[in-house]
Amino acid sequence: MQYDKNNVFYKIINRELNANIILEGEHFLAFHDIAPKAPVHVLVIPKGCYVDYYDFVLNASDTEILDFCRGTAEIIKMMKIEKPGFKLVANAGKFSMNDEKGQEVMHFHFHILGKPLDDND
Ligand code: AMP
């Protein structure tokens with residue numbers, strides 16, 4: 001699929017739209033999902049224009065991929081979810097399960113979902 005710049009994440013990267021940004025690297029941006037489905041729900045996106053995981057891994061440079069993957073790990077640490085565990089989701093295209101929708105924003109992103117430890121854990 002051809003990348004279409006008319007999507008919200010492209011606008012967030014170019015600061016035409018606001019987002020609750022947590023961390024920015026040379027090649028990635030991480031921000032809170034606007035409609036969180038877990039206590040921690042962060043989106044990590046590459047700054048480059050890639051439609052989905054497949055497009056990203058096949059066409060991005062090693063530097064972009066490494067920066068994106070390390071940024072994802074850094075968010076997991078910042079959110080304190082590495083010990084209780086977490087879920088990483090990347091939707092691509094229309095495929096969906098469990099009544100969830102498929103990919104809605106056609107700019108590649110990881111959903112990081114989890115719940116940090118609290119004092120009772
Ligand atoms: P997906 O269905 O995998 O494409 O997920 C798109 C995600 O982007 C959804 O979880 C939305 O809640 C989230 N989202 C859409 N617009 C925004 C926005 N402006 N800021 C933050 N998250 C957004």
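Start at 1 and go down the list; that is how both ligands and their atoms are numbered.
Using a 4.5 Å heavy-atom threshold, the side chains of Ile65 and Phe56 count as touching. You'll find the side chain of Lys80 stays beyond 4.5 Å of the side chain of Leu117, heavy atoms only.
The residues Glu16 and Lys5 are annotated as not salt-bridged, no charged nitrogen and carboxylate oxygen being separated by less than 4.0 angstrom.
Each salt bridge (charged side-chain N to carboxylate O under 4.0 Å, His left out) pair with one or both residues in residues 54-64, not counting sequence neighbours, would appear here, but there are none.
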Between ligand 1 and the protein, give all atom pairs where both partners are nitrogen or oxygen and the distance is under 3.5 Å, as lines of names plus distance to 0.1 Å.
unit_1: ligand 1; atom_1: 2 (O); unit_2: Gly102; atom_2: O; d: 3.2
unit_1: ligand 1; atom_1: 2 (O); unit_2: Glu104; atom_2: N; d: 3.3
unit_1: ligand 1; atom_1: 3 (O); unit_2: Asn91; atom_2: ND2; d: 2.8
unit_1: ligand 1; atom_1: 3 (O); unit_2: His109; atom_2: NE2; d: 2.8
unit_1: ligand 1; atom_1: 3 (O); unit_2: His111; atom_2: NE2; d: 2.8
unit_1: ligand 1; atom_1: 4 (O); unit_2: Glu104; atom_2: N; d: 2.7
unit_1: ligand 1; atom_1: 4 (O); unit_2: Val105; atom_2: N; d: 2.9
unit_1: ligand 1; atom_1: 4 (O); unit_2: His109; atom_2: NE2; d: 3.1
unit_1: ligand 1; atom_1: 5 (O); unit_2: His109; atom_2: NE2; d: 3.2
unit_1: ligand 1; atom_1: 5 (O); unit_2: His111; atom_2: NE2; d: 3.3
unit_1: ligand 1; atom_1: 10 (O); unit_2: Asp33; atom_2: OD1; d: 3.3
unit_1: ligand 1; atom_1: 10 (O); unit_2: Asp33; atom_2: OD2; d: 2.5
unit_1: ligand 1; atom_1: 12 (O); unit_2: Asp33; atom_2: OD1; d: 2.6
unit_1: ligand 1; atom_1: 22 (N); unit_2: Ile34; atom_2: N; d: 3.1

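Ring geometry, Tyr3 versus His107: the interplanar angle exceeds 60°, so the pair is classed perpendicular (tilted spans 30 to 60°).
Not less than 6.0 angstrom separates the ring centroid of Tyr54 from the ring centroid of Phe108.
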